Number of protein chains: 2
Amino acid sequence: MNRLAEDDPREILKTYVSRHGLKFTRQRELIADVFFNSQGHLRVEDLLESVRAIDPQVSLATVYRTMKLLTECGLASPHRFGDGHTRYEPAETKEEHHDHLICTACGRIVEFLNEEIEELQHRVAAENGFVVTNHRMELYGLCKRCHGQLDQ
Amino acid sequence: MNRLAEDDPREILKTYVSRHGLKFTRQRELIADVFFNSQGHLRVEDLLESVRAIDPQVSLATVYRTMKLLTECGLASPHRFGDGHTRYEPAETKEEHHDHLICTACGRIVEFLNEEIEELQHRVAAENGFVVTNHRMELYGLCKRCHGQLDQ
DNA sequence: ATGACTGCAAACCATTTGCATTGAT
DNA sequence: ATCAATGCAAATGGTTTGCAGTCAT
């Protein structure tokens, strides 16, 4: 539960930024804070809204630029679930990779882990001569609630 | 090898179109022909190029509209592999669903089938209360050729 | 002081759409 | 003849970028 300094995303960002001759601005700090304290799967527009609740001057462009920066330093990862919006979630480590279930009725997004599938993916890739660096797997359908509602 | 009339995409399109009060135009026929005689995974721009080699008057908008129509009648399926372009491939039947391996170096796209993974996907979904209607799985990495080149 | 960052507005770019004309039925 | 489809150009919408002023170092 206790977060060590070297695991704190804010510290990672600070280090990355300084090592690259970049600057740790008020906006970057705010956007990163909002992002890491959110539930994930947020669109840039959503982040902007939350950010502007605190500082109404922040621009959309800056949120885009900051999320790109967070992606570069390995703290965020973008996902596109097909609704034309890029959604960001805190980056995962290799050991805790997860995939997504997306409810096409209510938009709910559920994360899941499955080691067996991961292994099979690597096996299939190897059979085809590929070395996999990353993958995406999304299962679209109806969640329990929406499936129930459609039944009479 | 012999394609029956009811399996011929052109016939399926003709039927769909007439049942819906739509028209089987010269452009639709041409675009469908080009599409079904191509290797798949083509962008709309690519299709337009091939189509214009035969009829230079065809517009981009018509190719977009036709690919949407082919998708509606179940003959084509769109994929987005993350380069900002929608790619179309001939629709698959339920029994022959496949997924993709994408080489991030040369762009090569390889299709594969894996029943085991499909089963696991449904199991995982069920465990989370989901009924899956469709899914996407893409494995990104380096194909044999590109992987070899990077080695010294 | 330097040069990276920001906010703004304009640009991008794949895709969609309005409209007058054309063409399949 | 009817009304859907086409070609064109303009619009859309998420995202990016140029630029002049601002701010972290």
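So you know, we letter chains A, B, ... as the sequences are listed, proteins then strands, and number each from 1. These numbers were taken from a predicted model, which means no experiment stands behind them.
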Using whole Å, report how far CZ of B:Arg26 lies from C1' of D:dG7.
11 Å
Roughly, in whole Å, what's the span from CE in A:Met67 to P in D:dT16?
12 Å
Quick check on C:dT6: is either OP1 or OP2 less than 4.0 Å from any side-chain nitrogen or oxygen of A:Thr25?
yes
For A:Arg43, does its backbone N or O pair with a side-chain atom of A:Asp46 as donor and acceptor, under 3.5 Å?
yes
Phosphate OP1/OP2 of D:dA5: any B:Arg28 side-chain N/O under 4.0 Å:
yes
Whole-Å gap separating P (C:dT6) and CG (A:Leu48)
13 Å
Please determine whether a side-chain nitrogen or oxygen atom of A:Thr62 lies at a distance below 4.0 Å from atom OP1 or OP2 of C:dG7.
yes
What's the CZ-C1' distance between B:Arg65 and C:dA14, to the nearest Å?
15 Å
Taking the ring of A:Phe81 and the ring of A:His100, is the distance between their centroids below 6.0 Å?
yes
Given the options A:Arg87, A:His85, A:Glu89, A:His79 meets side-chain hydrogen bond (donor to acceptor under 3.5 Å, both in side chains) only with A:Glu89
Using the closest heavy atom to pick a nucleotide of DNA chain C for each, name whichever of B:Leu22 or A:Ser59 lands nearer the 5' end.
A:Ser59
Value in whole Å for how far the C1' atom of D:dA5 lies from CG of B:Leu30
15 Å
B:Arg19 has an atom CZ; how far is it from atom P of C:dA24, in whole Å?
22 Å
Taking N or O atoms only and anything under 3.5 Å, show me the protein contacts with nucleotides 12-15 of chain D, one pair per line.
{"from": "D:dG14", "atom 1": "O3'", "to": "A:Gly84", "atom 2": "O", "distance (Å)": "3.4"}
{"from": "D:dT15", "atom 1": "OP1", "to": "A:Thr86", "atom 2": "N", "distance (Å)": "3.1"}
{"from": "D:dT15", "atom 1": "OP1", "to": "A:Thr86", "atom 2": "OG1", "distance (Å)": "2.7"}
{"from": "D:dT15", "atom 1": "OP2", "to": "A:Tyr64", "atom 2": "OH", "distance (Å)": "2.5"}
{"from": "D:dT15", "atom 1": "O5'", "to": "A:Tyr64", "atom 2": "OH", "distance (Å)": "3.2"}

Is a donor on one side and an acceptor on the other found under 3.5 Å between the side chain of B:Arg136 and the backbone of B:Arg80?
yes
d(CD1, B:Ile31; P, D:dA5) in whole Å
12 Å
Verdict with reasoning, A:Tyr88 to A:Val44, per side chain to side chain contact (heavy atoms under 4.5 Å, CB included):
CA-CA 8 Å; A:Tyr88 284 92; A:Val44 174; 3.9 Å; yes
Taking only side-chain nitrogens and oxygens of A:Gln27, does any of them come within less than 4.0 Å of OP1 or OP2 of C:dG7?
yes
Could you give the CG-to-P distance, from B:Leu13 to D:dA5, as a whole number of Å?
11 Å
Hey, does the side chain of A:Thr104 reach the backbone of A:Tyr140 with a donor-acceptor pair shorter than 3.5 angstrom?
no
Proximal nucleotide (of D:dT17, D:dA24, D:dG7) relative to the A:Lys23 side chain
D:dA24
Are the charged groups of B:Arg26 and B:Asp55 less than 4.0 angstrom apart, N to O?
yes
